[in-house]
> 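Let me give you the structure first, and then I'll get to my questions.
By convention in this document, chain letters (A, B, ...) are assigned in the order of the sequence lines, proteins followed by strands, and residues within each chain are numbered from 1.
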Amino acid sequence: MLRKISAQKNPANPGRELSIGRRSFVQGGLALGAGLLLAQGAAFGAQAAAPSRGGVLRIGLGAAGSKSSLNPFISTGEMDFAVAQSLFDRLTDFDATGKLYNSLAEDFSHNEDGSIWTIRIRDGVLWHDGSPFTAQDVAYSLAYILTPENKADAYATLSPFMQKDDVRALDATTVEIKLNAPYALLPQIMASKVMFLVKDGTRDFSAPIGTGPFKFTHWTQGERVSLARNESFRTPGQPYLDGLEFIAINDAMSRVNALMAGQVDVIAQLDGSLAPIVEANPALHLIRSESGATTDQFMMVNKAPFQDVRVRQAFRLMVDRPQLVSNALAGYGRIGNDLHSITDPDYAAELPQRAHDPDQGRALLKAAGYDSDLRLELYTADAAPGMLASSTLIANQAKQIGVTIDLTVVPPDSYYSGPQFKNAPMASSDWGQHTLESVFGQAYARGAYWNEPDWTSDAFDGWVAKSRTTFDETLRKQYLFEAQKILWNEGGYLIWGFRDLLDAASAKVAGLAPSNQRNLGYYRFEGVSLEG
Amino acid sequence: MISPLLKLIFGRIGLAAATLVAVSAVVFAATLFLPGDPARAALGPRADPAAVEALRQEFGMDRSAITQYVSWAGGVLTGDFGKSVPSGRSVWEMIAPKVANTAVLTLGALALLIPLSFLLGIVAAVWRDRWPDHAISIPCIVLVALPEFVIGTLLIVVFAVWLGWLPPVSLIDNRLSLAAQSTVFLLPIVTLLCTTLAQVVRMVRAVAIDILSAEYVYMVRLRGISPARVMLRHVLPNVVGPTIQTIALNAAWLAGGVVVTEAVFQLPGIGSALASAVISRDMPTVLAITLIITTAYVLINLIAEMLILVMNPRLRVATAPN
């Protein structure tokens, strides 16, 4: 017997029917409140009339220099990822609010326990060279990712669930995947960041061919990439622009200068300290997207003093979260509740927000046997927005409950590989946009390399395992809630805030809506036009 | 028998070659002591340790330091700078366009520096302690005190932000000719010019004042020869000699000192390539660029020395063995 799961299609993609699947319960502003409104509502720029056609959008963003590559499976820098977003598509994707929809997949079905999946793909999609997109291309792409020698970033995401020989095309539009074990979240992991689809047989990415809204024309490594409109893009009439020009400007201040001088039309990754300049300029727009990215601290759960859960709770109570957001993130962020993935529809928003309560923190420390004589090391660096500033602030706030925190600051580029990382009792970290599933797989899985606090909990593991094999969305949400409740009570991460993504655009750029996934509307420009 | 001059020249070339070998060895050793690891830098902070180890082996970073140096130096001698660690592409292929951009910058600055410094220096000397001298000397003293990132930023504020005449960021498009996008080079060239001009002008002024007050110039003037002719035939040639060393010093500084200016204007030259290579611990690229800068430095000094020898017979004879 086959069960069907139809993920919702992209509501931002006109001309296609909206089939409401079982995920419909996440509709209706699930406690993301203002965040949802902000992301959905404000595609800024007047778009009363039909969007103008033509023009080349010049995008200024940071590049990885000599590391830059056109291989979409190896994400090295912001520019490489942004280019791949325009050239390629995935089977499924996340919309601006973090909701899953089918992109090149038509629907997913599976056997009784969810160990064999059948994916029907969208018919009539063309590659940039005019050839049709087929199931064989999907099978090839997944096998490419699953071949370790190809060093695809997504290898670590896919390899626990399947081997490359277990993916095959049944016919032109059907792919079958035999999983290692039953797994309910296959449609979701297909939307992972670098799970792109490439043409069957592609080994050389020097002139990449994709199915995305723009096609490749020119590349100067680490400096410039030019793309032209894909005339046979699947959404009729789109893209409106003739082309895109990605221009590397690594320095944050120079990006703003280039935008103000009209050398570029939009810039990605605006520094919070520069946002007031953009907001004060009537010729520019600030694009602010609430996201699930964090700069956080973690406490080693099996090292003194944090092996005592009361000390972890005391630390979580002694931090002043609004102050951290307003100082370390220049106010461009929202407070956290010691849980990752606020943008995931299954985020446990029902758990009470942990407040600033130094008195209770002091009491907990006392109960744990520390009577204003606790002194410990916090290992940190300026390796992410607000990382060093938040560490300094936390050290200050700790004094209120009689704790002395000594900062060990190292250069940012040797921070994560430094010998003290995971050896100091407390350290800083940063995580980008992740789903619960992906952050649980990396930061909370027993023995995982990036499980920074060395977190282990049988109860937590049990709830996560159950969530992975249940196809009932309501039940899964419950299981994930139980898992997150354990983290909220006992976890090793101190997640005081989520960083907003900031970008800026010239006032003539229309149709660029913020996305909580990544900067500049997740770098999708098919609905963008240049007006006036 | 080899003439003493030739022998001297060969000696200098030998010394230059020895300098290059020594510098390359020191830089190579220094890169080994840099904290961080190229493989980890290439694969990102959250890379799988096994993948890091595999990349280290692929690039032979697990071999001894001496073996690595010898194999690298052997490659350079055959014109092969090796492969860049993060991208796996040929280092030379990657840096060649950047070398060209930096060359435009330095040669452009040098081409303006030489005539301008002679003109200003001599004008200042002729009207010594009068208003033309003050109008030239005072700005020069101010410029000497300002670092290039301050000058560059001031130029951006005035010419790009206020006046809007020139682009604030030097974005280069490889598909266009350099001439078609000459405006992006203007502000960086002027920045470099400002940082080097003052020193050379002061030197030219001092030497010219010295020569203008010499007895032979007084005698020439007495013979009624026109001031222009006095200047061109009798003063200028004698100013050039002592000034060569100063110009060479500034030219050599330009070859490596463009790093800061390139960063201010985000111009993709060897300076920014070097900075990016250091950050990603891309040792083959770091070594190649350091070697190019050192070579330029050594060559410029070599040429200056030769010119001084050729122009000054006394020095030539004095340094030659009997």
> Would you compute the distance between atom OG1 of T220(A) and atom CD1 of I172(B) and round it to the nearest 0.5 angstrom?
10.5 Å
> Anything in residues 260-269 of chain B with a heavy-atom distance to chain A below 4.5 Å? Please list those residues in order.
V264(B), Q266(B), P268(B)
> If I measure from the heavy atoms of chain B, does A156(A) come under 4.5 Å with its side chain, its backbone, both, or neither?
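The answer is neither part of A156(A).
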> Below 3.5 Å, can you tabulate the donor-acceptor pairs from side chains in residues 143-163 of chain B to any protein atom, sequence neighbours excluded?
unit_1, atom_1, unit_2, atom_2, d
T153(B), OG1, F149(B), O, 2.5

> Is the count of non-hydrogen atoms from other residues, nucleotides or ligands lying under 6.0 Å from L77(B) atom CG greater than 12?
yes
> Working to the nearest 0.5 Å, report the span between NE2 of H218(A) and CG of N174(B).
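Answer for the NE2-CG pair, H218(A) versus N174(B), is 6.0 Å.
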> Determine the minimum heavy-atom distance between V169(B) and Q263(A), stating which atoms define it.
O-NE2, 2.6 Å
> Measure I249(A) against the heavy atoms of chain B and call it side chain, backbone, both or neither at under 4.5 Å.
both
> Taking V264(A), N250(A), D153(A) one by one, which has the highest count of heavy-atom pairs under 4.5 Å against chain B?
N250(A)
> Listed by chain and number, what are the salt bridge (Lys or Arg N to Asp or Glu O under 4.0 Å) partners of E245(A), not counting sequence neighbours?
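E245(A): salt bridge (Lys or Arg N to Asp or Glu O under 4.0 Å) contacts with R224(A), R175(B).
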> Could you walk me through whether Q221(A) and E93(B) satisfy the side-chain contact (heavy atoms from CB on, under 4.5 Å) test, starting with their C-alpha distance in whole Å, then the side-chain angles of each, then the deciding distance to 0.1 Å, before giving a yes or no?
CA-CA 11 Å; Q221(A) 192 195 33; E93(B) 207 178 280; over 6 Å; no
> What pair of heavy atoms forms the shortest contact from P168(B) to N257(A), and how long is it?
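Minimum heavy-atom separation between P168(B) and N257(A): CG-O, 3.5 Å.
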> Who passes side chain to side chain contact (heavy atoms under 4.5 Å, CB included) against T147(A), sequence neighbours left out?
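Per chain and number, T147(A) pairs via side chain to side chain contact (heavy atoms under 4.5 Å, CB included) with E149(A), N150(A), K164(A).
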